[in-house]
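See below for the structure under consideration.
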Protein chains: 2
Amino acid sequence: MGSVPEQRFLPHIAYDSVIFGFSGEQLKILIMEYHNTGMFALPGGFVRVDEPLNDAVRRGLRERTGLDNIYLEQFYTFGSLERYQPEVMETILQANGFAVDDFRWMLDRFISVAYYALINYNKVNAQPDALSDSIKWYPLNDLPPLILDHADIVAKAHRTLQENLERKLVGMNLLPSRFTMKELQKVYEAILGTPLRRTTFQRKMLSLGILKRHEKRYSGKAHKAPYLYSFEGE
Amino acid sequence: MGSVPEQRFLPHIAYDSVIFGFSGEQLKILIMEYHNTGMFALPGGFVRVDEPLNDAVRRGLRERTGLDNIYLEQFYTFGSLERYQPEVMETILQANGFAVDDFRWMLDRFISVAYYALINYNKVNAQPDALSDSIKWYPLNDLPPLILDHADIVAKAHRTLQENLERKLVGMNLLPSRFTMKELQKVYEAILGTPLRRTTFQRKMLSLGILKRHEKRYSGKAHKAPYLYSFEGE
DNA sequence: CCAAAAGTGTTATATATACACCCATGA
DNA sequence: TCATGGGTGTATATATAACACTTTTGG
């Protein structure tokens with residue numbers, strides 16, 4: 001059982017992160033479970049008084065995933081009153097043996113800036129924080145019940161990711177640096193939730209001019225070996 | 001000289017609004033000038049402790065423009081350290097004859113949630129707030145120097161508006177409820193900053209199926225009278 | 001009847017989709 | 001040489017653009 005480091009944070013301001021990974025042809029996100037409460041939440045955190053907002057989020061992601069230089073996008077700031085449920089945080093603090101009085105500021109109303117991140121599933125070494133005993137991948141369509149408005153945050157993150165997919169071409173951030181066209185297509189299909197035509201997809205991706213073709217990958221299977229591609233600049 | 005109403009606001013959290021209007025074939029935004037300081041800023045405000053974030057912004061817009069039910073979109077939350085310049089707010093408070101000690105919280109670091117609004121220029125009755133002596137329309141490409149990071153906020157608002165223009169079809173929010181195709185085209189051109197082909201534009205808009213055609217508008221000029229259109233649902 | 005601007009028709013071009021075919025691979 | 005999946009060629013459909021033509025209006 002760790003202890004919350006004594007830092008000075010901006011009151012009333014939090015961030016939450018929807019961390020997307022791709023594995024087994026499914027889109028997954030990282031969810032934390034709090035000690036002895038059966039409560040699940042998005043990984044989030046607070047902003048130090050002398051720290052830029054974006055740095056705070058990157059710091060949190062580094063602590064949770066061990067990764068730096070992550071593809072990260074701020075997508076909405078949640079400030080409704082429904083998200084103000086002090087009893088939730090109180091339960092969590094008590095379950096961890098903290099004196100609630102010492103963390104009174106955590107029971108205040110928070111406005112949360114939400115980000116989504118796209119990361120390479122295999123590179124992650126997920127680390128829980130002081131208040132939680134696990135951080136695990138869950139398929140997007142099979143999440144545990146989440147606290148506060150975190151289900152809304154996930155839904156909006158997914159919608160925004162879908163909208164940004166063609167415009168910002170972010171699919172490759174979920175894959176290792178070298179990938180086949182089929183793997184890339186599976187990512188797109190997982191994000192959009194619909195099957196795509198193989199040949200059309202291949203041509204569209206190639207026509208963008210942002211993929212570099214490399215050697216073939218021989219799988220040992222009895223069929224033509226697919227080319228490996230990388231995103232320009234890797 | 002008014003006085004700031006005694007309200008309890010969430011500390012460290014503000015909002016800023018980029019209010020777009022369209023007049024004289026130009027895109028314009030509302031800018032406030034502070035008393036005796038030569039300082040210009042976006043209209044903004046604070047969030048009451050028991051008030052949803054979005055409501056706070058709508059309340060501010062109502063106070064500034066007299067309008068309700070405005071097209072409003074949250075687009076980014078600004079939280080860099082460069083935007084922390086307490087001397088700016090100090091100057092403004094002093095110029096208004098306020099005792100700085102009574103408003104110490106205003107000198108803190110603020111994270112600002114930014115929104116843009118699209119309104120019908122002619123319906124606005126712009127009202128300055130307690131700290132400013134004027135609120136005026138400025139063309140987007142001829143703004144006065146703005147405080148803090150407000151120029152960045154405007155730039156990002158404009159970029160987001162451009163990106164959303166096709167996807168969300170927001171052009172009509174800047175016009176009166178009945179408008180000609182030419183007027184709508186001028187709005188699009190002002191937002192995108194490029195001329196569009198007349199015939200192509202007409203066809204594209206009509207093909208969307210969201211415009212209702214009404215009677216013609218006779219201008220007294222010696223040419224064919226254009227049809228008036230409205231957005232479905234007005 | 002003319003000039004100006006609006007609306008529509010026609011054709012050309014570009015882009016997206018569907019389908020077919022050929023190629024590489026290992027058993 | 002067969003089955004499997006990858007890559008590309010070709011036809012078709014659809015969307016976009018360019019241009020011309022016709023219509024309406026007031027002088």
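On a predicted model such as this, the values are computed, not experimentally measured, just so you know. Throughout, protein chains are lettered first and strands after them, A, B, ... in sequence-line order, and every chain is numbered starting at 1.
- Counting to the nearest Å, the P atom of C/dT17 and the CG atom of A/L196 are 10 Å from each other.
- Checked against D/dG26, C/dT8, D/dA17, the side chain of B/R197 finds its nearest nucleotide in D/dA17.
- Following rounding to the nearest Å, B/K204 (NZ) and D/dA18 (P) show an atom-to-atom distance of 12 Å.
- You'll find that the side chain of B/K216 is closest to D/dT25, out of D/dT25, D/dG6, D/dA18.
- A perpendicular orientation is assigned to the rings of A/F20 and A/Y116, their planes being inclined by more than 60° (bins at 30° and 60°).
- Side-chain N or O atoms of B/H150 include one that pairs as donor or acceptor with a backbone N or O of B/L42 at under 3.5 Å.
- Remark: C1' of C/dA20 and CZ of A/R198 are 11 Å apart, rounded to the nearest angstrom.
- Regarding contacts with the backbone of C/dG7, every side-chain N or O of B/Y227 stays at 4.0 angstrom or more from both OP1 and OP2.
- Between the C1' atom of C/dG7 and the NZ atom of B/K182 lies a distance of 13 Å, rounded to the nearest Å.
- For B/R178 and B/E215, the salt-bridge test passes: some basic side-chain N is under 4.0 Å from an acidic carboxylate O.
- Among C/dT17, C/dG7, C/dT25, the nucleotide with an atom closest to any side-chain atom of B/K224 is C/dG7.
- Comparing A/H223 and A/T200 against DNA chain C, the residue whose closest nucleotide sits nearer the 5' end is A/T200.
- For the pair A/F201 CZ and C/dA16 C1', the computed distance is 15 Å after rounding to whole Å.
- One can place CD of B/E183 at 10 Å from P of C/dA6, the figure rounded to the nearest angstrom.
- With distances taken from any side-chain atom of A/A225 to the nucleotides C/dA6, C/dT25, D/dT25, the minimum falls on C/dT25.
- Within the nucleic acid shown, B/R217 has no heavy atom closer than 4.0 Å to any nucleic acid atom.
- For A/R213, taking side-chain heavy atoms from C-beta onward, the closest of the listed nucleotides D/dG26, D/dG7, C/dG26 is D/dG7.
- Residue B/K221 contributes atom NZ, which lies 11 Å from atom C1' of D/dG26 at whole-angstrom precision.
- Residue B/A222 has its side chain nearest to C/dA3 when only D/dG5, C/dG9, C/dA3 are considered.
- With rounding to whole Å, B/R203 atom CZ is found 9 Å from D/dA17 atom C1'.
- Judged by distance alone, with hydrogens and angles left aside, the side-chain atoms of A/R64 form a donor-acceptor pair with the main-chain N or O of A/Q127 at under 3.5 Å.
- Relative to the side chain of B/Y229, the nucleotides C/dT25, C/dT10, C/dG7 differ in distance, and C/dG7 lies closest.
- When each of C/dG26, C/dA4, C/dG7 is scored by its nearest atom to the side-chain atoms of B/Q202, the top-ranked nucleotide is C/dG7.
- At the heavy-atom level, B/T199 lies under 4.0 Å from base atoms of the strands shown.
- Using a cut-off of 4.0 Å between Lys/Arg side-chain N and Asp/Glu carboxylate O, A/E63 and A/R59 are scored as salt-bridged.
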